[in-house]
Amino acid sequence: MPGQKPIKVALLGCGTVGTEVVRLLTDQAADLTARVGAPVELAGIAVRKPNKHREVPAALLTTDADALVESDVDVVVEVVGGIEPARTWLVKALAAGKSVVTANKALLAEHSGELFQAADASGADLYFEAAVAGAIPLLRPLRESLAGDRITRVMGIVNGTTNFILSGMDSTGASYAETLEEATRLGYAEADPTADVDGYDAASKAAILASLAFHSRVTAADVHREGIASVSAADIAAAKALGRTVKLLAICERVTGAADEQAGAGNGAGESISVRVHPAMIPRTHPLASVHGAFNAVFVEADAAGEMMFYGQGAGGAPTASAVVGDLVAVARNRVVSGRGPRESAYAALPVRPMGQAPTRYHISLDVADRPGVLSQVAAVFAEHDVSIAAVRQEGRVDDASLVIVTHAATDAALRSTVDKIGGLPAVREVVSVMRVEGEE
Ligand SMILES: NC(=O)c1ccc[n+]([C@@H]2O[C@H](COP(=O)([O-])OP(=O)(O)OC[C@H]3O[C@@H](n4cnc5c(N)ncnc54)[C@H](O)[C@@H]3O)[C@@H](O)[C@H]2O)c1
Ligand SMILES: N[C@@H](CCO)C(=O)O
Ligand code: NA
């Protein structure tokens, strides 16, 4: 593109992802120029310690991120992470009409409203494909390719660390603690794994997915969150015995009046959404069951399109940089043609249901005394709470029995009360495993 003014880029952060962004921009410079219609030029790289970055051109390094954001650049790419100072930098950049590309899920899950407002006010672009499921093209399909459809559910494995641990427990039968230790030793889990194992990372991603899928503003605080620390070897064994496996799922679903009714929850009026992160049993035949190790996959259901699955690497420097540079090409091309990408779309403003009112299904394994009347006592507690039983399996042993019950959909609150009461029945020796069931009707 001889004579075409270059698109100047400020890169904030040069860690795992940033280093790979620089490498892609350097290695692919000629192709990127052809795709954008103008050269893409790195104007500066903000870091904390310039002497630690021998792999990138020293002349581009600066410790003054504020000055770089305020300089004469067209696009700001943020791969630092955390809320501040990233939020201040990006709001300032957008307000000044600079387009922004970020991989920062924590920031988007809390402050997307403010960022989108700043982008709308100045007509700048805000792209963040890398923030959910790393390399996997997912947010652009939700925002653009499926814009003509009505999405009903997004259900995914969006955290690689926890999937690595749960896959390991499933294949070896080992405990959570043993498997976490192994994941840490192999570098799959961080020294402080809290954000991953307690579901915070997945909850941020669920908030972003629900906002896009349902044209509503959902923040991390709206997401019901349970981690995997309490998943036991007994839960995994109980799942296996019935042809299921356990996954940490981020679930965003539209709850219609009809589903409300089915769950015994609502009056049939209106529509709401349920957004939650928790471990769940899924059938081993479900496409998400075949996602092993640190891979991510997101299963999307839409009225016209039907079922789709997006699968690939959800983390890592190079895969994440692929999504960042893909976004950079899109926003740079928009600037070359003086256009804009999709704006925030929160027009539907659907309310998020409290977890207690979300329709869920439970799998419950019990050790019970094997004598007449026990099954009917247990069944009576379900009836009392208006929870319908879908399947029962009993295996007798010498003087006790293993009882497995799978329910139909009911409100989560009704199911919890049912389990609490059953645990207190004299004939119930132990509640071995309680877990939600997803991915089957
Ligand atoms: N690593 C992944 O696999 C992955 C995947 C998806 C999304 N992300 C997101 O990408 C972002 C970056 O992740 P990462 O893994 O590259 O992190 P990282 O810790 O490797 O890199 C962050 C860099 O930012 C630098 N930094 C921190 N404060 C700074 C400041 N005030 N000024 C300038 N530089 C500063 C740090 O020194 C570090 O080099 C995060 O938002 C993360 O959530 C990462
Ligand atoms: N810690 C995250 C990285 C990607 O966001 C994971 O385990 O998937
Ligand atoms: Na992605």
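Ligands are counted one by one from 1 in listed order, and the atoms in each one are counted from 1 as well.
Summarising the contacts of atom 3 (C) of ligand 2 with A315, G81, A189, P319, the nearest heavy atom is found in A315.
In this structure S365 satisfies the side chain to side chain donor-acceptor pair (under 3.5 Å) test together with H363, sequence neighbours excluded. Partners of E190 by side chain to side chain donor-acceptor pair (under 3.5 Å), not counting sequence neighbours: none found.
Within the 3.5 Å criterion, the main-chain N or O of A302 finds no donor-acceptor partner in the side chain of D149.
Each of R361, M355, Q357 was checked for a side-chain contact (heavy atoms from CB on, under 4.5 Å) with D412, and the lone residue meeting it is M355.
Sorted by chain and number, the residues within 4.0 Å of ligand 1 by heavy atom are G13, C14, G15, T16, V17, A46, V47, R48, V79, V80, G81, W89, A103, N104, K105, A130, A315, G316, T320.
Near G314, meaning under 4.0 Å from one of its heavy atoms, ligand 2 places the atoms 4 (C). The atoms of ligand 2 that sit less than 4.0 Å from any heavy atom of K205 are 4 (C), 5 (O), 8 (O).
Protein heavy atom at the shortest distance from atom 1 (N) of ligand 2 is D196 OD1, 2.8 Å. Atom 5 (O) of ligand 2 has as its closest protein heavy atom K105 NZ, 2.4 Å. Scanning the protein heavy atoms around atom 7 (O) of ligand 2, the nearest turns out to be T161 OG1, 2.6 Å. If you check which protein heavy atom lies closest to atom 8 (O) of ligand 2, you get G160 N, 2.7 Å.
In this structure, a donor-acceptor pair under 3.5 Å is present between the side chains of D192 and T194.
Protein atoms of type N, O or S found under 3.0 Å from the Na ion (ligand 3) total 5.
Residues D196 and F164 form no side-chain contact, since every pair of their non-hydrogen atoms from C-beta on lies 4.5 Å or further apart. Side-chain atoms of T407 and Y362, non-hydrogen and from C-beta on, do get closer than 4.5 Å to each other.
Contacts with ligand 2 closer than 4.0 Å are made by no heavy atom of T162, backbone or side chain.
Distance NE2/H224 to CD1/I251: 10.0 Å, rounded to 0.5 Å.
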